[in-house]
J.: 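Input: one structure, supplied below.
Remember, it's a predicted structure, so these values are computed and weren't measured experimentally. Here is how names work: the chains are called A, B, and so on, in the same order as the sequence lines, proteins then strands, and each is numbered from 1.
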Amino acid sequence: SLTGRLEGIFHKLTGKGGLSESAVEDTLRELRVALLEADVSLAVVKEFTEALRARLVGQAVKAGLTPAQQIITEVYKEIVHILGDHRANIALASKPPTIVFMMGLQGSGKTTTSAKIALHFKTQGRRVLLVASDLARLAAVDQLRILGEQIGVPVVLPSEGVTRPQDMVASVRKRILEGMYEIVIVDTAGRLSIDEELMIELKNLKSLYNPKECLLVVDAMQGQEAVNVSRGFDQSIGVDGVIFTKLDGDTRGGAVLSIRSVIKKPIKFVGSGEKLDRLEPFIPERMASRIIG
Amino acid sequence: DALFRKKDPAFYHDLEEVLISADIGPVVAQQLVLDLQEWEKNHPEATAEDSLSHLEARMAQEFPSSQPIWEKESPHGPQVLLLVGVNGVGKTTTTGKLAAYFKSQGRTVILGAADTFRAAAIDQLRRWGEQLEIPVVHQKPGADPASVAFDTVRAARARKLDMALIDTAGRLQNKHNLMAELQKIGSVIRKEDPETPVEILLVLDATIGQNAHSQLEEFRKITPLSGLVLTKLDGTSKGGVAVALAQKYRLPVRFIGVGEKATDLLPFDPGLFARSILR
Ligand SMILES: Nc1nc2c(ncn2[C@@H]2O[C@H](COP(=O)(O)OP(=O)(O)OP(=O)(O)O)[C@@H](O)[C@H]2O)c(=O)[nH]1
Ligand SMILES: Nc1nc2c(ncn2[C@@H]2O[C@H](COP(=O)(O)OP(=O)(O)OP(=O)(O)O)[C@@H](O)[C@H]2O)c(=O)[nH]1
Ligand SMILES: [Mg+2]
Ligand SMILES: [Mg+2]
């Protein structure tokens, strides 16, 4: 573990006084490897270790702590600070409906998370509507229809012959008014942030629905490209919040720190399982321990 | 030695960063750069371009090239491919792409919808079957996946088909009950006929970072993997973790996914892959 490796560095030192420059250098080297192995992006690791170097050199070691413990505590607190320390939730529009857009890379968990959020609001007593706006993937509409049935939330399906998401908007608007829905969750097709045509389609769809929240759904096991992808979505479409999925796995989840520190958008929820009740609030402390390993 | 110093330290630093940004991992990235510097000591006349070519070749060599079962003669009965992996990586899509690939080679193919859990998983594979005009063995949602796998191999054998491609549910590697279910699927296929040539392919998403190590580690514990498929290489992620996996586990990468259509599947080319990481 990182603590073990840092203890190894300080074990060799016998000098008193504050943390020496060379010990700090060795420490930062170990920390860099640990964070990169946790999938924190390189640019974020550099920034993080630079800021840490300034604080650590010459720092006095507190009584009752080993130097390694002190440094780990410092790292932990800084990660918690970056991850954000307030409870983010989905903001409701001043008057209904609140339209929520789900977007992200292929396979990140958008369809499943759409249903989870629907269940979350239904449980709070809200009138919720799901919109099956992924007309590209085979049986995507069936997938959301089935999930809607499982939780008792109605799903707008494309009418006969409709092949483009923008051609559903009129009938969705009609359904919203007829049913007086308060929360409308729009599931969209997975897409690459570098696919210009599909990003234009999504931008166009956003201008037609004018959603209150555009949520980026990200697989927590994402690697180094997490920052570029999320920045791409933020620049092309605009990201209001992020949901990280599959945190019930054993990934260290460094992408969470990378994305949060670069695009600086709130983390609204985390997905912690395949079942529709597996949607949890994001807890920075837990995530920080997980990333440090 | 003077020539060696010509390549300034920034060259090695930048190279290591390129490798790390490609998801190769910090330890392997450093090791590759150190190996390169060692090689350069024995090739003092090498230019930066020579070094990059050497590194490319070095990375490409990490990938073993064992012959897949479909390139060998199959004396009797169908060859079976089982696609496994964590959630959302592209198993179902890859099953469809493989079906199209083998069909285009003149083989007869049948599909098995052994993901009986996820909403519309069976529908999704059946839609692929319809598009490609290939039969799909399936049961009701909630059925025993091992039973579907068994039926698929049986149907392939009865109809004298060349290949049975079986899709399974996504499962995270730390879910013990799901991994046990997968182990059962594998053993049921072997029980149907121990002589059946079987390839179990672990599908990895190129956007995944270092967690791929844990995925490979845990999946191979419960079922003998014969190869990898690396999907979503049409995105910006390079899938460099595959180099580290090749070093450690010596498993061949059979195919790569480069898009969402049936034709977006390519046989793996280690040289091209290494080049795409470095250039
Ligand atoms: N274990 C686990 N699995 C999840 C979680 N969220 C989603 N999944 C699974 O991940 C896979 C992909 O989920 P989808 O909801 O289909 O993903 P998507 O983003 O809609 O996919 P596309 O529409 O193809 O882009 C499915 O097998 C889901 O059950 C989670 O939090 N934990
Ligand atoms: N861009 C791109 N998308 C891909 C590729 N392979 C699969 N996809 C997409 O990734 C998403 C998930 O693919 P699936 O085949 O449903 O993945 P899966 O592993 O079967 O998912 P589960 O069964 O839910 O675990 C779909 O939107 C696919 O179209 C690829 O090579 N490139
Ligand atoms: Mg979807
Ligand atoms: Mg599938």
J.: What part of B:N174 gets closer than 4.5 Å to chain A, counting heavy atoms only: side chain, backbone, both or neither?
T.: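 Contact with chain A involves the side chain of B:N174 alone.
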
J.: May I ask you to test the B:V86-A:K246 pair for a side-chain heavy-atom distance under 4.5 Å?
T.: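 Heavy-atom side-chain distance check fails, nothing below 4.5 Å.
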
J.: Are B:R118 and A:Q143 close enough that some pair of their side-chain heavy atoms sits under 4.5 Å apart?
T.: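 The answer is yes, as the side chains (C-beta and beyond) meet within the 4.5 Å cut-off.
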
J.: Drop me the distance from B:L19's CG to A:L42's CG, to the nearest 0.5 angstrom.
T.: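 The CG atom of B:L19 sits 11.0 Å away from the CG atom of A:L42.
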
J.: With side chains defined as the heavy atoms from C-beta onward, is the minimum distance between A:M221 and B:D205 less than 4.5 Å?
T.: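 Sidechains of B:D205 and A:M221: no contact.
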
J.: Please state whether the side chain, the backbone, both or neither of B:E16 comes within less than 4.5 Å of a heavy atom of chain A.
T.: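 Just its side chain gets close to chain A.
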
J.: Hey, is CZ on A:R278 packed in by over 12 heavy atoms from elsewhere, all under 6.0 Å?
T.: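 Above 12, so yes.
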
J.: Is it true that A:E274 and B:K175 make a salt bridge, defined as a side-chain N closer than 4.0 Å to a carboxylate O?
T.: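 Here A:E274 does not pair with B:K175 in a salt bridge, since their nearest N and O are not under 4.0 Å apart.
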
J.: Provide the closest heavy-atom pair for B:A119 versus A:I146 in the form atom of the first, atom of the second, distance.
T.: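 Result for this residue pair: CB-CG2, 3.8 Å.
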
J.: Would you mind telling me which of B:A212, B:P26, B:A29, B:A206 has the largest number of heavy-atom pairs within less than 4.5 Å of chain A?
T.: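 The residue among B:A212, B:P26, B:A29, B:A206 with the greatest pair count is B:P26.
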
J.: At a heavy-atom separation under 4.5 Å, does B:E260 approach chain A through its side chain, its backbone, both, or neither?
T.: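 Side chain only.
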
J.: So do A:R32 and B:I20 actually touch side chain to side chain, heavy atoms under 4.5 Å?
T.: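 B:I20 vs A:R32: side chains touch.
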
J.: Can you tell me if A:E50 has over 12 outside heavy atoms packed within less than 6.0 Å of its CD?
T.: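 Result for CD/A:E50: enclosed.
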
J.: Determine the option with the most heavy-atom pairs under 4.5 angstrom with chain B, choosing from A:L105, A:D250, A:V33.
T.: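 Ranked by heavy-atom pairs under 4.5 Å with chain B, first place is A:D250.
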
J.: Check whether any side-chain heavy atom of A:Q224 lies under 4.5 Å from a side-chain heavy atom of B:K238, and answer yes or no.
T.: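 Side chain of A:Q224 against side chain of B:K238, heavy atoms only: no contact under 4.5 Å found.
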
J.: Look at atom NZ of B:K261 and say whether more than 12 heavy atoms of other residues, nucleotides or ligands are closer to it than 6.0 Å.
T.: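 Count not over threshold, so no.
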
J.: Taking side chain as everything from C-beta outward and backbone as N, CA, C, O, which of these in B:Q30 sits under 4.5 Å from a heavy atom of chain A? Side chain, backbone, both or neither.
T.: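 For B:Q30, no heavy atom lies under 4.5 Å from chain A.
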
J.: Is the backbone N or O of A:Q106 less than 3.5 Å from a side-chain atom of B:K232, with the two atoms forming a donor-acceptor pair by type?
T.: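 Yes: the side chain of B:K232 pairs with the backbone of A:Q106.
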
J.: Would you compute the distance between atom CG of B:N87 and atom OG of A:S108 and round it to the nearest 0.5 angstrom?
T.: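 Output value for this atom pair is 12.0 Å.
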
J.: Is there a donor in the side chain of B:T236 and an acceptor in the side chain of A:N228, or the other way round, less than 3.5 Å apart?
T.: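 Side chains of B:T236 and A:N228: no pair found under 3.5 Å.
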
J.: Using a cut-off of under 4.5 Å for heavy-atom pairs, which of B:G96, B:S21, B:A121 has the most such pairs with chain A?
T.: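 Greatest number of close heavy-atom pairs with chain A: B:S21.
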
J.: Within the structure provided, determine whether B:D234 and A:L192 are in side-chain contact (heavy-atom separation under 4.5 Å).
T.: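 When only atoms from C-beta onward are counted, A:L192 and B:D234 do touch, with a gap below 4.5 Å.
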
J.: Please classify the contact between B:V89 and chain A as side chain, backbone, both or neither, with a heavy-atom cut-off of under 4.5 Å.
T.: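 Contact with chain A involves no heavy atom of B:V89 at all.
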
J.: Hey, could you give me the CD1/CG distance between B:I208 and A:D219, rounded to the nearest 0.5 Å?
T.: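 Separation between the atoms: 6.5 Å.
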
J.: Which atom pair, heavy atoms only, marks the closest approach of A:A139 to B:A120?
T.: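 Looking at all heavy atoms of both residues, the closest pair is O-CB, 3.8 Å.
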
J.: May I ask you to name which of B:S237, B:G209, B:S214 has the most heavy-atom pairs under 4.5 Å with chain A?
T.: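 Option with the greatest count: B:G209.
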
J.: Using a 6.0 Å cut-off, check whether atom CZ of B:R126 has over 12 heavy atoms from anything other than its own residue.
T.: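 No - once you tally the heavy atoms of other residues, nucleotides and ligands closer than 6.0 Å, there are 12 at most.
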
